[in-house]
Amino acid sequence: MKQIRPQFELSTTAVSQGRRFAGSGPRPIVDAIYTSVNFDLDDDDYRDIQETGGERSWYYSRNRNPTVESVEEKIAALEGAESAVLFSSGMAAITTTLLSLVPPGGILVAAEELYGETSAFLRQQFSDFGRTVRFVAVDDLAGWKRALADSPSLLFVESLSNPMLRLANLTALASLAHDVGAKAVVDATFTPPPMLKPLEHGFDVVLHSATKYLNGHSDVTAGVASGDKETIDVVRQSSVVFGSTLLPQGAALLDRGLKTLVIRTERACLNAEIVTDYLESKSEVEAVTHPTISSYADKDLADELGLKGAAIVTFRVRGGDDRAAQLVAGLSVIHEASSLGSVESLACLPSRTSHSAVSEGQRQQLGILPGTIRLSVGIEDSSDLLEDLEAALEITS
């Protein structure tokens, strides 16, 4: 798709893009929050509503809201996209986008390696809406080509899979999708724009659970889809009908978080590398997964795509899930919590959180073996994180 070059570099865009000043009065540094559901209408507004459905008018906040729209413009600029639409959650972004872009009777080809709730939706509810889904291992390019041969509507992957961090070959997958006239959609929650920009590798739509890195403060639930205007307009219309739009208060919190996106992710990625090196040195740890280590399965691909770090470290301790649960419970600086991408470091067992809805057999197939812990590394001092992990390992030894 066409790449939109932002006016400024990434950090400046995150701080300054999308500002809206209210009339001729004060010019606030922080955008106003427009909480009004309704807006006064005139003849021009009525004409616009009749001609375009209200694309140029603010008349009802489920359709358009100045605060929400300002943040959408900022995220689109960060992704290098023409347009973006915000949702009430990451799952709202995923379900609305997939249902919008795969018509009844259509076929979706998706990666096996997906967030548990996404996988459950595709396996349990997607067919109820008259759509078909086929699953392919993310690294099986020959399998993708076979699955895409029968005129599918959409290809769907995660950039880095949750929780085993398998990296999708974005360039190759986008090409395979476009060869058969399908769109390529990626959930890039684990790789916000400072780490990777999927649109630069040919993808049509980028999704995020904005609850995670984009917001980064564990205080708002949101999702976003970015891409070309024509495609995003289709998704936006569905979001209005489904009622999955984001409240202006949530958009304002998201905007606050976006302003520090670049420096937060840089610090978190640096901390993750330090934590990875530490975990690799511990005999109590059976395996460590992170894109910076030599044993990482997709190391060459990470270099090829220009992946700029990752702030998730997935590791497996000896002693299975019982010991892993004891270790996570024994942490004090790192919180035992199910989310990720926040300023706080968070640790959880995927088998009991993100992939609890997935069968044990499927978890085994995905490499989520007993003892697996997903650690979302935050921006604390790395020495405190290492001491916390060391103490928890000693308690469970």
Side-chain angles (χ1 to χ4, degrees), residues 1 4 6 10 13-14 17-18 31 61-101 115 117-118 156-160 162 183-199 203-229 231-240 242-262 264-265 339-342:
M1 64 164 283
I4 307 300
L10 213 58
T13 299
Q17 181 79 23
D31 276 354
S61 275
R62 177 162 54 85
N63 297 64
R64 289 187 66 196
N65 176 277
T67 305
V68 174
E69 195 165 278
S70 175
V71 183
E72 289 173 343
E73 290 176 6
K74 177 176 288 189
I75 294 174
L78 289 169
E79 292 284 6
E82 289 182 338
S83 184
V85 55
L86 283 166
F87 299 86
S88 56
S89 70
M91 281 306 301
I94 292 168
T95 55
T96 304
T97 299
L98 297 185
L99 289 173
S100 300
L101 300 182
Y115 169 54
E117 291 290 344
T118 306
F156 179 61
V157 295
E158 293 176 353
S159 52
L160 273 181
N162 182 357
K183 290 188 180 296
V185 176
V186 59
D187 179 348
T189 296
F190 276 32
T191 56
M195 300 181 199
L196 189 67
K197 291 188 177 182
L199 298 183
F203 267 67
D204 300 291
V205 177
V206 181
L207 306 178
H208 288 273
S209 172
T211 310
K212 305 339 190 254
Y213 290 104
L214 298 190
N215 175 59
H217 290 78
S218 298
D219 56 7
V220 68
T221 304
V224 66
S226 305
D228 66 275
K229 185 179 183 304
T231 301
I232 296 303
D233 280 351
V234 173
V235 178
R236 185 186 303 279
Q237 183 57 40
S238 293
S239 77
V240 171
F242 295 167
S244 57
T245 48
L246 181 63
L247 290 173
Q249 294 91 334
L253 285 171
L254 177 56
D255 186 45
R256 183 279 320 270
L258 284 166
K259 292 177 181 180
T260 58
L261 172 65
V262 176
R264 283 189 289 103
T265 53
S339 193
L340 60 102
S342 184

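Numbers here simply count residues along the sequence, with the first being 1.
- With Thr211 contributing its side chain and Ala222 its backbone, the two residues share a donor-acceptor pair below 3.5 Å.
- Listed for the Glu82 side chain is a donor-acceptor partner under 3.5 Å among the backbone atoms of Lys229.
- We find that Arg256 and Asp219 are joined by a salt bridge, their nearest charged nitrogen and carboxylate oxygen being less than 4.0 Å apart.
- Within the 4.5 Å cutoff, no side-chain heavy atoms of Leu253 are placed close to those of His217.
- Side chain of Glu73 to main chain of Ala77: no donor-acceptor pair is present (N/O by atom type, distance under 3.5 Å, no hydrogens or angles).
- Every residue meeting the salt bridge (charged side-chain N to carboxylate O under 4.0 Å, His left out) condition with Arg236, not counting sequence neighbours, appears here in chain and number order: Glu72.
- Put simply, the side chain of Thr245 does not reach to within 4.5 Å of the side chain of Val68, judged on heavy atoms.
- Taking Thr97 as the reference, nothing meets the side chain to side chain donor-acceptor pair (under 3.5 Å) condition, with sequence neighbours excluded.
- By the side-chain contact (heavy atoms from CB on, under 4.5 Å) test, Ala93 pairs with Phe87, sequence neighbours left out.
- Looking at Glu79 and Lys197, no side-chain N of the basic residue comes within less than 4.0 Å of a carboxylate O on the acidic one, giving no salt bridge.
- Counting heavy atoms from C-beta outward, Val205 and Leu101 have side chains that approach closer than 4.5 Å.
- Residues Leu214 and Leu261 have side chains in contact (heavy-atom distance under 4.5 Å, counting atoms from C-beta outward).
- Of the possible polar contacts, none joining the Thr231 side chain to the Asp228 backbone as a donor-acceptor pair under 3.5 Å is found.
- Of the possible polar contacts, none joining the Arg64 side chain to the Glu69 backbone as a donor-acceptor pair under 3.5 Å is found.
- Side-chain N or O atoms of Asp204 include one that pairs as donor or acceptor with a backbone N or O of Ala184 at under 3.5 Å.
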